[in-house]
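On a predicted model such as this, the values are computed, not experimentally measured, just so you know.
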Amino acid sequence: MAVTHLPAVSELTEQQQRGWHCVWCRAPLGTDLGVDLGEQRVTPATGAAYSWFPRECVDALACAGRRAAR
């Protein structure tokens with residue numbers, strides 16, 4: 001399985017961190033419409049560690065097109 005390096009959580013919107021929008025192209029993802037990338041843990045330099053829950057679009061080609069258009 002290929003390892004995908006996710007963007008830094010600090011670069012993402014709240015919607016992307018919660019899995020409501022695609023972690024790559026920011027498209028809204030409805031219930032059961034995205035690919036779950038698994039729970040991610042982050043430990044900031046200050047403050048408590050927390051989890052975030054990225055998801056990505058099912059259609060990778062359309063996602064890539066939206067990313068390129070940004």
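- Of all non-hydrogen atoms in Arg41 and Ala49, the two that sit nearest each other are NH2-CB, 3.5 Å.
- Remark: Arg66 engages no residue in a side-chain hydrogen bond (donor to acceptor under 3.5 Å, both in side chains) (not counting sequence neighbours).
- Of the inter-residue distances, the one linking Asp36 atom CG with Leu29 atom CG reads 11.0 Å to the nearest 0.5 angstrom.
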*Passes side-chain contact (heavy atoms from CB on, under 4.5 Å), Trp52 versus Val23? Steps please.*
CA-CA 11 Å; Trp52 62 291; Val23 72; 4.2 Å; yes
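- Under a 3.5 Å cut-off, the side chain of Glu56 and the backbone N or O of Pro54 do not form any donor-acceptor pair.
- The main-chain N or O of Leu12 is never found under 3.5 Å from a side-chain atom of Gln15 such that the two would form a donor-acceptor pair.
- Across all their heavy atoms, Trp24 and Cys63 have their closest contact at CB-SG, 3.8 Å.
- In terms of heavy atoms, Val58 sits closest to Leu33 at CG2-O, 3.1 Å.
- Both Val9 and Leu6 are members of a single hydrophobic cluster when ILVMFWY side chains are connected at heavy-atom separations under 4.5 Å.
- Between atom SG of residue Cys22 and atom CD of residue Gln16 there is a gap of 7.5 Å, rounded to the nearest 0.5 Å.
- To the nearest 0.5 Å, the span separating CD on Gln40 from OH on Tyr50 amounts to 11.5 Å.
- Remark: side-chain polar atoms of Arg26 are not paired, donor with acceptor, to backbone N or O of His21 under 3.5 angstrom.
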